[in-house]
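If you're wondering where the values come from, they're calculated on a predicted model, not measured in any experiment.
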Amino acid sequence: EKSFSVKDRIREICGHKWKDGNLVFKVRWFTDEFTQEELIDMKIDYPRMTASYIVANVKPRSKSGRDSNIGWAKKVLRDYSCRKKVLLQK
């Protein structure tokens, strides 16, 4: 994840909604300001935080239970977990 100064970092994702078919997050910054941030930006700047939130809080939109956002989130968490294991073995 990118390196930000504390005031430019997100403290937490507080909620989400669907807007025109896109996932939008309500986020709280370290300045205690709240903003709405789109999934595409969150994926780039805060992938692990975004992935953790999606897995825990976003329900699949299709009846089959498949959702590309959830698939992406699970892969990100799996990749971070694998990378951490490799680093610990060195």
Side chain to side chain donor-acceptor pair (under 3.5 Å) between T35 and E33: does it pass, once the steps are laid out?
CA-CA 7 Å; T35 61; E33 176 185 9; 6.0 Å; no
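- Remark: K75 engages D79 in a side-chain hydrogen bond (donor to acceptor under 3.5 Å, both in side chains) (not counting sequence neighbours).
- With sequence neighbours left out, the side-chain hydrogen bond (donor to acceptor under 3.5 Å, both in side chains) criterion links S68 to no other residue.
- In this structure, the side chains of M42 and Y53 stay at 4.5 Å or more apart for every pair of heavy atoms.
- Atom-to-atom distance recorded for W18:CH2 and L39:CG is 7.5 Å, nearest 0.5 angstrom.
- In the hydrophobic clustering, V55 connects to L77, either directly or through intervening members, whenever side-chain heavy atoms lie under 4.5 Å apart.
- Applying the salt bridge (charged side-chain N to carboxylate O under 4.0 Å, His left out) definition to pairs two or more places apart or across chains, those involving residues 16-31 are E12-R28, R28-D32.
- Listed here is the closest heavy atom pair of I70 and K59: CD1-C, 4.0 Å.
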Mind running side chain to side chain contact (heavy atoms under 4.5 Å, CB included) on I54 and L23 for me, showing each step along the way?
CA-CA 10 Å; I54 288 173; L23 193 54; 4.2 Å; yes
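- Among residues two or more places apart in sequence or in another chain, the salt bridge (charged side-chain N to carboxylate O under 4.0 Å, His left out) test is passed with E38 by none.
- Taking CH2 from W29 and CZ from R11, the interatomic distance works out to 12.5 Å, rounded to the nearest 0.5 Å.
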The test is side chain to side chain contact (heavy atoms under 4.5 Å, CB included); show your working for W72 and T50 and say whether it passes.
CA-CA 10 Å; W72 168 84; T50 304; 4.1 Å; yes
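- To the nearest 0.5 Å, atoms NZ (K74) and CG (N69) are separated by 12.5 Å.
- Within the model, atoms CZ of F25 and NE2 of H16 stand 7.5 Å from one another, a figure rounded to the nearest 0.5 Å.
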